[in-house]
Amino acid sequence: ESPKNPPNFPQIPFNPPKPPPNPPNSPKFPKIGHSVCLHLHGFSPYFYVLAPPGAGEAHLEPLERELEAALRREQRGGNPKFQPPKNVLGLTLVRKQSILGFQGGLQSLFVRVGVSLPRLVAPARRLLERGLRWGNLGVQPAPPFEANIDFEIRFMADSGLVGCCWVELPPGGFRCWGALRGHPPEGAWLGLPPLRLLSFDIECAGRKGVFPEPQQDPVIAIAAVALRQGAREPFLRVVFTLRSCAALRGATVRSFESERELLQSWAEFVRIVDPDVVTGYNIHNFDLPYLIQRAQVLQVESFPYLGRVRGVPSQVRDSAFQSRQLGRREGKVVTSPGRVTLDMLQVLLREHKLRSYSLNAVSAHFLHEQKEDVPHGIITELQNGDAQTRRRLALYCLKDAMLPLRLLERLMTLVTLVEMARVTAVPLSYLLTRGQQVKVVAQLLRQAMQEDLLLPVVKSEGGEDFEGATVIEPLKGYYDAPIATLDFSSLYPSIMIAHNLCYTTLLPPGGAQKHGLGPQDFIRTPTGQLFVTPRVRRGVLPRVLEGLLAARSRVKAALAEEQDPERRQVLDGRQLALKVSANSVYGFTGAQAGRLPCLEISQSVTGFGRQMIEKTKQLVESEYPDVQVVYGDTDSVMCRLKVPSVPEAAALGRAVATWVSGHFPPPIRLEFEKVYLPYLLISKKRYAGLCFSGGSGGTPKLDCKGLEAVRRDNCPLAANLVTACLRRILLHRDPQGAVAHAQEVISDLLCNRIDISQLVITKELTRAASAYSAPQAHVALAERLRRRDPGSAPGLGDRVPYVIVSGARGQPAYERSEDPVFALEQNLPIDTRYYLEQQLSRPLLRIFEPILGEGRAQAVLLQGEHTRCKTLLTARSGALSAFTSKRSSCIGCRALLPHHGAVCDFCRQRESELYQKEVSQVWHLERSFSRLWSQCQRCQSSLLQDVLCSSRDCPIFYMRRKVQKDLEAQLELLRRFGTPQW
DNA sequence: AAATGCTCCTAC
DNA sequence: TAAGGTAGGAGCATTT
């Protein structure tokens, strides 16, 4: 049911175009009329407790009375008005097994506790766990099982639904209790439904230098773009503006004189478009909370009904999320029942490692186009102008609403998420808000249910760390011979399958005697744990993993046949989801603060892994004396082969892999992956090579692991230079060219010819400033920025960009970190020595030393003529020198002058010549500036309007500002000549 | 000068 | 309440 008329919702005359109808009887999709939001009502959750010894049918009734009474007492305490009709829906005795530990087929007695509301699960569990009266057995504690399963996961597992699957409903009205008919996402039910996506962006009129706050600063524009999933073009583009706005081509403009009307109208628009997915960039932490808070301030009562459930308003809540993988993040969550809010920023933070996550940087990276970035102050100016300046604002806003949709499409975000939801059986929203564990829990629960196994509620205590994988000691150096890479695909999942490692197969100490098992019934893992063989009991985890691997082979086969591009996309997405999903099971078992940790399993898995890589190296080297394992990490070995060509290396690699595979139990297999030629091995986890994937004819690709080229915590100059040198060495096989290039870049750096954007280092703020025990450059800067303007300062989880500026001798780097824009605007001098010595020299030496030799690399790179370049130009070109020096110096000979003129008496005779030189410098700067300016105009797609952009993620911006400032300084210099007399 | 601990980010 | 794992290189400030 879609709430067309929430309480007190005023009717505003407004007729946006209706979404286009679905294609009639489209062969691709089943016939669908509407999006339907199923609001889950009246589903009763349940959990289990282990019954104490001696418990039976007779104990259930008194126990239920006890539990009911205890729950009522608790609730009266919390909320006297709340009086649910019934808390406990029923207790029943069931015979099942705990999943934890081999049980020898013995079932235990459990009580299934059904309660009427999800929020009763936690207190009921606590009461039973602590101990209630079990009739004549007295007060007995009862350990809970499955009391920590998420409500939606419980429901879906019970109904046999997976995330994002098709559900068939009877035509006309329906009221469904329990039996929903979900279709497996295959065949006719493989595709995605034509979901409606709505992307939006807001603009606020902030005050100068302060980040906009909803208490004070009005919303002046909201742009919205609606797209049907799978369609190429949006079916709707609308901009809502405060005050008049000139027409936009291809978009509807709706102007309002009052902000209240603007907000009301937008909310109504959302309800009419009725999107399934609401997207945008940073809408979670900015746009949505801002709108809702602003509507509160303006008392627009009807506004927050943005969801699909009648009478349930969207709410802003603070949220904190913390995981080892994603770090700690805090922010706001806006609820919107019935719609998925898909913040592209959150998606990118989870899925992609980038230097910067500004919409700007992201557009440049994924869409290869720059976007304007207009500072807040100027936004307000545009708003205060006329219909034309507000048109510009509207267009800017519209573009920002458009970009998330384009990112969504380019990154295939929706398909990827839908497939992950289908494979792991969780709702799509979980993938955006929750961690990795819940996906494994969902799968584990479903498999366990089939085998009458229950998941215990464990209190996670921080256990001890366990030993991980082996990294083979690298034989460092430069190899001009083919290196074949062999690896165990899905190593950890296949270990778990091959050795039947599972919660259900783990034999505790003494378990063998207890269950009367002989030596042939169990195995001892390399770390000493005992697990029963599949003959005794097949594990649940291996079953889940086998299912995932088997599904993967089916998808592979289907992909070979499938022609339809959209279905192919779905299958691709599924393949990825299956792989990722299988690989996360091991991590789940080892998760210290986990839902169901079992270090015996994870330890054994890595133990087997260590044994295997060691054995592989030995097997290979003893069977093939001409093959040498030069390196290996976890599941791979790099083999140096004494064959001349890539195809021969591939053939030999395949033979070796097949032969080695025979020495391991299925489904463990060693596979030939690729050939490197040449190969540069720097150290553990750091190498580069020219990669021939599959060892065949395709174009080889430069592969670079762990080196500065692929790290985000150095400046782009270092990363780019390392990449460029590696390309020259490995791809073009031109080490001399690489050296020359490196020398040139070093020279450019020392002569201040490197653009500041190349020197920006970014690092993540992983915790609150006070939680750091060691000083850090980015943390110190973040603190300084916070003092300058708390609203716009970097928050937890943000990446902080900085440059290192010159300072006093011996001053630590953390005191010299500075905001790049600030440094540019204030003409703070960059510490080029720092960049050479701390950012470039060591990475360069590391890659050149294996080729040139130790001494030579040092001499050639760091001691040549190019390191002595010190320009005179920079010394005075900055505006700084013009304003800070108390006395001016002669433009000809730099001698101090007693006056503010241009030249000293000695240089007076060449004054005309010097003047001409400075004038030509002005021309030169003007030409550069005009080139950059028109480049920025092209970016804003208007050659007629001023450039307002100040994107700190665009190199052109830095260059433009630099030239502009140099030009100003140069003109100032020119003024010192006065009116020429000659 | 060398060793050490903290921090970040990557490989797998 | 919820939160996948360990190995490992490198930079940097501080201590030894």
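So you know, we letter chains A, B, ... as the sequences are listed, proteins then strands, and number each from 1. Side chains included, hydrogens not; waters and symmetry mates left out as well; all remaining heavy atoms used.
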Check your understanding: Can Glu764(A) and Arg712(A) be counted as an ion pair, charged N to O under 4.0 angstrom?
Key -> no
Check your understanding: Is the distance from OP1 or OP2 of dC12(B) to the nearest side-chain N or O of Tyr687(A) less than 4.0 Å?
Key -> yes
Review point. Tyr631(A) near the nucleic acid: base, sugar-phosphate alone, or nothing, with a heavy-atom cut-off under 4.0 Å?
Key: nothing
**Study point:** Carboxylate-amine/guanidinium contact Arg126(A) Glu129(A), below 4.0 Å
**Key:** no
Exercise for review: Give one of base, sugar-phosphate or nothing for Phe466(A), where a contact means two heavy atoms less than 4.0 Å apart.
Suggested key: sugar-phosphate
Check your understanding: Taking NZ, NE, NH1 and NH2 as the nitrogens, is one of them in Arg686(A) or Glu708(A) under 4.0 Å from a carboxylate oxygen of the other?
Key -> yes
Practice item. Using a cut-off of strictly less than 4.0 Å, decide whether Arg767(A) has a side-chain nitrogen or oxygen near OP1 or OP2 of dC8(B). Key: yes
**Study point:** OP1 or OP2 of dG11(C) under 4.0 Å from side-chain N/O of Arg846(A)
**Key:** yes
Exercise for review: Using a 4.0 Å heavy-atom cut-off across all strands, classify Gly590(A) as base, sugar-phosphate, or nothing.
Suggested key: sugar-phosphate
Practice item. Using a strict cut-off of less than 4.0 Å between a Lys/Arg side-chain nitrogen and an Asp/Glu carboxylate oxygen, indicate whether Arg328(A) and Glu330(A) qualify as a salt bridge. Key: yes
Practice item. Examine dA3(C): is either OP1 or OP2 under 4.0 Å from a nitrogen or oxygen in the side chain of Arg434(A)? Give yes or no. Key: yes
Check your understanding: Does Tyr814(A) make a side-chain N or O approach to OP1 or OP2 of dT14(C) shorter than 4.0 Å?
Key -> yes
Review point. Expressed as a whole number of Å, how far does the P atom of dC12(B) sit from that of dG4(C)?
Key: 23 Å
